[in-house]
Every structure is written in structure tokens, then in C-alpha cells.
J.: 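One structure, pasted below without further comment.
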Amino acid sequence: MIIVMEKDSGDESVENVVGELSRRGFDVHRSTGAERTILGVVGNVETLDPREFELMEGVHEVVRVSEPYKLSGRAFKRENTVVRVRDIEVGGDQVVVMAGPCTIESEEQVARTAEKVSRAGARILRGGAYKPRTSPYSFQGMGVDGLKILRAVADSHGMATVSEVMEIRQIEGMLPYVDILQVGARNMQNFSLLAELGRVDRPVLLKRGMSSTIQEWLLASEYLMSGGNYNVILCERGIRTFETYTRNTLDISAIPVVHKLSHLPIIADPSHATGLRDKVMPLARACVAAGADGLLIEVHHQPENALCDGPQSLYPDQFIKLMDELRIIVPAVGRSI
Ligand code: PEP
Ligand code: MN
């Protein structure tokens, strides 16, 4: 249920309503918009009689939200959410590009890749230290030693960092090094991990599960937000379909659909979506044209030697060319890069 306050409702009437709801055991989330304050009430709201609240001072209307996701929905917050990461805004005017290797392998690898992607305009450096590998015999990542490399290299280029967290025990050790905690496709419905990340003061990049509907994905974001972490960035990374030519099928339509249903920013990952380097560039262009708030792209200074996801990693020169192309497309959709 959401309670929309009057345009000129003062703090006191908002506090009154919040107090009454808290007294009855409900969690109240506040969205302070440019126009008015909206209160998102979560819990067993079936027991509440909307009329009681409609009569309270400063209340404009009480609306039952039919969608199962509440805090991530547009009804709760009309303005787009802008997630601030250091001096970068995801979901604002700028299309934000995150790039780097699939996996952190060595200082030299991260440094050589970062030097290129940063000069081309990527603002956030990616690199996995804990890797969700399909086979237990594949390289599993460098752990904290890798994160130290990621942080140091990112700092030397004034970049922010994003890296995947696979389990609750890793969170604390990652915080000194990682600006955005990535939840991978395989963990999108790891509800205990999501609940814990909901209590952490750090933006989360929530990838879409490979067989998840948009509704399930938004409900996953609800786990983060209902815990108090509103800094959620969604990432479309392809879903499983009957097509086997590409690694997954990139659901570009998810971008405008999410923008309609939710205020959260959505970026796209054409690397994991296609698994094929030569398909990454056209799809990256398409996602930006469709309104993506950013891109996550795998780049490796020597993809043929990559320990993970080499076939989908761009050569630095390809990434530079892609950024040049994006600089032409982005103004056409009213954004900057
Ligand atoms: C990744 O970004 O390295 C990754 C493993 O992605 P996904 O969870 O989308 O497969
Ligand atoms: Mn990868």
C-alpha cells in the first residue's frame, strides 16, 4: 500500500502517519519526490483499512499497489533513481560504461586493460575475484588479493570498481575495495544473500537470473530495498531461450519495460548475453539506443589468453571503437557519455 501525501503536507503530518503505521507494526519507506512525499507501507497490509489513513491530516490518497513489488515500482517513486558511486551517477543524464576483464588474473592484466578502457571513457572498472564457474575445476578467482589489484589500478585512473559477491561471508572483506557489489545471474534468487546486502551501505548491481521473469527480478530487488538499501542498479545480461547460437538471448525489451515499471536504473551486459565478441558491439549500440542507463562490457588486453570468457572479451581497440560509436548514438537519445 502506498500513501501519497498532499503537495504541501508538512513534516509533522508525515511523521504522524509514519508513527501510526509503525505503532501498528508496519515498515514504512519514505520517498521524498520533488512534488510530494510518498510512503510505501510493507507488511501484511491486507489488515489495514485505507479509509482510516485517508482521513489523516496531509494525506492525499491511499492506493493499494497491485504489483507484488512495491518499493521498486513506479507507484512508490515517480522520479528515476540515481545511484551515486563516488562522483559517478548511474541513472542520471550520463550513460555509464563499466568495463574490464571477466576475472582478475594479475596486476599486469588489470593495469594494461584499465589503461585502455579508462582512456576510452569507461568510468567503472570491472573484474571478478570470486567467480561462479560452471565447473569446479575451472579457475575460481583470486579472492581478496585480486580485489587489492582492482582497487589500486582503479584508483590510479580515478575509476570506481564493481565486482561480484557470491556469498554472505565475502561481503565484509570486499567493502574496502569494491564500490558496487555485483550479484550474478546465478545468485539473483539467493534470498539470504540479498537480504544481507539490503543491510549494507553499498550500491548493488543486480543481474537478471538466466531464467527469471522481469517480475521475479524486481521482486529480487525488493529484498534489497526492503532491507533499506535503495541503491540498486539492474543489469539485463541475457536469458535462456531455445536459441543456442549465442550464449544467451539478450532481452533488449527488458530495458523499456523496466523503465516503465520501475524507477531503478537498468544497464545491459551484451558480453554475457552473447558470448561472442563480434556480437557485443552491435548489441551494445542497440541497448543504448533502447535507453539503457549504462553498459557492462568485458575487455581483456589479450583475450586469447584469458582464464575466463576470452571469446566474448573485446580487444581494447574494439572497445575504443565502440565508445566512439556510442558517442554518436548517445546524444540522439538525449543522453551524454
Ligand atoms: C560476470 O559478470 O562475470 C558474470 C559471471 O555474469 P553473470 O552472472 O551475468 O553470468
Ligand atoms: Mn564473465
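In listed order, ligands and their atoms are each counted from 1. Numbering of residues begins at 1 and proceeds along the displayed sequence.
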J.: Note the single closest protein heavy atom to atom 4 (C) of ligand 1, along with its residue, its atom name and the distance in Å.
T.: His272 NE2, 3.4 Å

J.: Looking at every heavy atom in both Leu147 and Ser163, which two are closest together, and how far apart are they?
T.: CD2-OG, 3.5 Å

J.: Search all heavy atoms of Pro203 against all heavy atoms of Asp179 and return the closest pair with its distance.
T.: CD-O, 3.4 Å

J.: Is there a path from Leu193 to Leu218 through hydrophobic residues (I, L, V, M, F, W, Y) whose side chains come within less than 4.5 Å of each other?
T.: yes

J.: If hydrophobic clusters are built from ILVMFWY residues whose side chains come within less than 4.5 Å, do Val165 and Ile267 share one?
T.: no

J.: How far is atom 6 (O) of ligand 1 from its nearest protein heavy atom, and which residue and atom name does that atom have?
T.: Lys207 NZ, 2.9 Å

J.: With respect to the Mn ion (ligand 2), please indicate if His272 possesses an N, O or S atom at a distance under 2.8 Å.
T.: yes

J.: Consider only side-chain heavy atoms of I, L, V, M, F, W and Y, link residues closer than 4.5 Å, and tell whether Trp217 and Ile255 are in one cluster.
T.: yes

J.: Does Arg208 come within less than 4.0 angstrom of ligand 1, counting non-hydrogen atoms of the residue?
T.: no

J.: In Glu298, which N, O or S atom comes closest to the Mn ion (ligand 2)?
T.: OE2

J.: Of all N, O or S atoms in Asp309, which has the smallest distance to the Mn ion (ligand 2)?
T.: OD2

J.: For ligand 1, which atoms, with element, lie under 4.0 Å from some heavy atom of Gly184?
T.: 8 (O)

J.: What residue and atom, counting heavy atoms only, is the protein's closest point to atom 9 (O) of ligand 1, and at what distance?
T.: Arg237 NE, 2.6 Å

J.: Side chain or backbone, does Lys131 bring an N or O within less than 3.5 Å of an N or O on ligand 1?
T.: yes

J.: Give me the ring orientation class for Phe191 and Tyr223: parallel if the planes are under 30° apart, tilted from 30 to 60°, perpendicular past 60°.
T.: parallel

J.: What are the two closest non-hydrogen atoms of Pro303 and Arg277, and how far apart are they?
T.: CB-NH2, 3.4 Å

J.: If every non-hydrogen atom of Cys308 is compared with every non-hydrogen atom of Glu105, which pair is closest and at what distance?
T.: N-OE2, 4.3 Å

J.: Which of the atoms in ligand 1, numbered in the order shown and given with their element, are less than 4.0 Å from a heavy-atom of Glu298?
T.: 3 (O)

J.: Which residue and atom name correspond to the protein heavy atom nearest atom 8 (O) of ligand 1, and how close is it?
T.: Ala185 N, 2.8 Å

J.: Begin from the C-alpha positions of Asn248 and Arg240 and carry the test side-chain contact (heavy atoms from CB on, under 4.5 Å) through to its verdict.
T.: CA-CA 5 Å; Asn248 294 287; Arg240 279 243 164 115; 4.1 Å; yes

J.: With nothing but distance in play, are any N or O atoms of Glu164 less than 3.5 Å from an N or O of ligand 1?
T.: no

J.: Which of the numbered atoms in ligand 1 are under 4.0 angstrom from any heavy atom belonging to Arg126?
T.: 1 (C), 2 (O), 3 (O)

